[in-house]
Number of protein chains: 2
Amino acid sequence: MTATIELTSPKAAHACGRQPGENYCDSCKVRSLAVCAALGPDELPELDDIVHHTRADGKTTFIHQGETAESVFSVTEGVVRLYKLLSDGRRQIIGFAMPGDFLGLALHNRYGFSADAVDDVALCRFDRRDFDNLVTAKPHFLRRLHEFATHELVIAQEQMTLIGRRSAEERVAAFLVAMRERWARIKGPSVTIQLPMQRIDMADYLGLTIETVSRTLTKLARDGVILIVPEAVRVLDEKKLLSIARA
Amino acid sequence: MTATIELTSPKAAHACGRQPGENYCDSCKVRSLAVCAALGPDELPELDDIVHHTRADGKTTFIHQGETAESVFSVTEGVVRLYKLLSDGRRQIIGFAMPGDFLGLALHNRYGFSADAVDDVALCRFDRRDFDNLVTAKPHFLRRLHEFATHELVIAQEQMTLIGRRSAEERVAAFLVAMRERWARIKGPSVTIQLPMQRIDMADYLGLTIETVSRTLTKLARDGVILIVPEAVRVLDEKKLLSIARA
DNA sequence: CGGCGTCCTTGTTTTGGATCAAACGCTGGT
DNA sequence: ACCAGCGTTTGATCCAAAACAAGGACGCCG
């Protein structure tokens, strides 16, 4: 079970088969537009690479906390986990990035977290300097970016509240509801909530252990709130799930 | 013990005695510059009010979670707590704002948190629309704002890690170190860390209870790391404190 | 000066979730 | 088909922090 890391050379052909002269593959364009709606697609920075990663053996980490921030990424396929590691190995996942999400937008010199693939992931990589220049040149774009950052901040503050003040069951329920809403924006609504990440990822995101996450899911299933299926859960009692999840 | 709420009328004289025609009192100008360094002081938006609050009976809440965001504030004196409340009364303090800090910069329509005074507080209030207009007109200003927001995001992610993955002692030590660094920027370095907030505020910030905070401080004092004094702690063993606080 | 209301500390008990331990069920390889 | 390895679930025990409880130590006000 080895990692698949395929890094196309700068300005290379896109995953979709387009050639370097054409700036965007449809996937990238569509996803980028989610954030860059204030600009026309032709005003986006030039794409550097398309990067594909598969979760496997830890070698797929493409953002390393503390390293110089040289790229901005946009997720087009799959799920990415963003995390901070303590020196003794404890890990806090600070978020999951899904198709349409950007990574490394902070305009800081160094990354504040690490990121790797949860499943099979495709990313568009942009040079951070191009991004910087674009930001300087296009106030609309900067404004969009700022809105994006403040939205992230709101999410982070909600997560703080979740971890700091809510029980294991509330955390898990809130996580399920949040995942359902995120998938709904990407793929449309569904009673099946895809959970491509492992239990340990949920645990490290929610400030719990793997056993507690497992037990809590089992309890929710026993209570008839959800049905546990591989890589997902099916929502059986939406009202109850929401009532546990809501503050 | 009643609340002191003094709200000068729009464009009224400043706390320092300046008249409406003069846009800024020194305090505001100095503090605003901390964030708006990319602009000259004359390019700042016009000040609406100077607001003074004293922590007392809960009536001093000047930002209410969920309400329409009509103002942006800048703290010039004292400490403000920002928090989220759950419906059953559980509270998570998401941050403390100190002199030089801005509140409500998100450019969202509604506030995502509440804010009130920890001690005697003075704030400059700006109309959010003026702020918006300025942001639209001056890209430098927006860029500064964006850097500010992403810095907040980094802090929030660190706090998530603190609350999600670290022990009570580590949380308290990290809090003390962070407070010392913040005061150092405002007043210069000192072995005495001012703690104007109550134990319950620290507890709600760190995801602990008041008793655990108290016990942990006592333990740190017993171990010769700090000396507890009213409204503050004195650092006796900096190296040890840092080694507990650092990840 | 005395009583009262806060806030803080300290002691005791309880508990939610962590930790330790073991078995289960896939999946992939031989 | 069998086995090995991993992720997950379940069970038993432990423990850090919560919850409960009771004293102090101020500061304020009558």
In whole Å, I'd like the distance from the [atom1] atom of [X] to the [atom2] atom of [N].
X	N	atom1	atom2	result
B:L208	C:dC8	CG	P	15 Å
B:R165	C:dT19	CZ	C1'	13 Å
A:I228	C:dG25	CD1	P	14 Å
A:E231	C:dC26	CD	P	14 Å
B:L206	D:dA17	CG	C1'	13 Å
B:E169	D:dA18	CD	P	14 Å
A:R171	C:dG16	CZ	P	13 Å
A:I210	C:dA21	CD1	P	16 Å

Side chains of residues 206-214 of chain B: which donor-acceptor partners sit under 3.5 Å, not counting sequence neighbours?
unit_1, atom_1, unit_2, atom_2, d
B:T209, OG1, B:T212, N, 3.3
B:T209, OG1, B:T212, OG1, 3.0

*asked:* For DNA chain D, which residues of residues 191-199 of chain A approach it to below 4.0 angstrom with any heavy atom?
replied: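 Per residue number, the list reads A:Q198, A:R199.
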*Which of residues 211-226 of chain B have a heavy atom under 4.0 Å from DNA chain C?*
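Nucleic-acid contacts, sorted: B:E211, B:S214, B:R215, B:T218.
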*Residues of residues 88-97 of chain B with any non-hydrogen atom less than 4.0 angstrom from an atom of DNA chain C: list those, numerically ordered, please.*
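Contacting residues: none.
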_Strictly by ring pair (Phe, Tyr, Trp, His ring centres under 6.0 Å), give each pair with a member in residues 155-176 of chain A just once, sequence neighbours left out._
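Those involving residues 155-176 of chain A are A:F175-A:Y205.
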*Decide if the gap between the ring center of A:F73 and the ring center of A:F102 is smaller than 6.0 angstrom.*
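No, too far apart.
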*A:R165 and B:A203: which non-hydrogen atoms are nearest, and at how many Å?*
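Reported closest heavy-atom pair: NH2-O, 3.1 Å.
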_For B:V229 versus B:R234, what's the shortest heavy-atom pair and its separation?_
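Heavy atoms only, the tightest pair is CG1-NH2, 3.9 Å.
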_So B:V72 and B:L105, do their side chains get closer than 4.5 Å, heavy atoms only?_
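Answer yes - side chains close enough.
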*Validation row: B:Y111, B:Q65 side chains within 4.5 angstrom (heavy atoms)*: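 No, every pair of side-chain atoms sits at 4.5 Å or beyond.
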*Kindly indicate whether a cation-pi arrangement holds for B:R91 with B:Y83, taking the cut-offs as under 6.0 Å to the six-membered ring centre and within 45° of the axis.*
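Judged by the rule, B:R91 and B:Y83 form a cation-pi pair.
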*For ring-ring contact (aromatic ring centres under 6.0 Å, His included), just list the numbers for B:F62 and B:H53, CA-CA rounded to whole Å, side-chain angles, deciding distance to a tenth of an Å, and then say yes or no.*
CA-CA 9 Å; B:F62 54 88; B:H53 284 203; 4.9 Å; yes
*Looking only at side chains, do B:D116 and B:T60 share a donor and an acceptor under 3.5 Å apart?*
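Absent: no donor and acceptor within the cut-off.
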*Among pairs that include at least one residue of residues 237-247 of chain A, which meet side chain to side chain donor-acceptor pair (under 3.5 Å), considering only residues two or more places apart or in two chains?*
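Listed by first then second residue: A:R180-A:E238.
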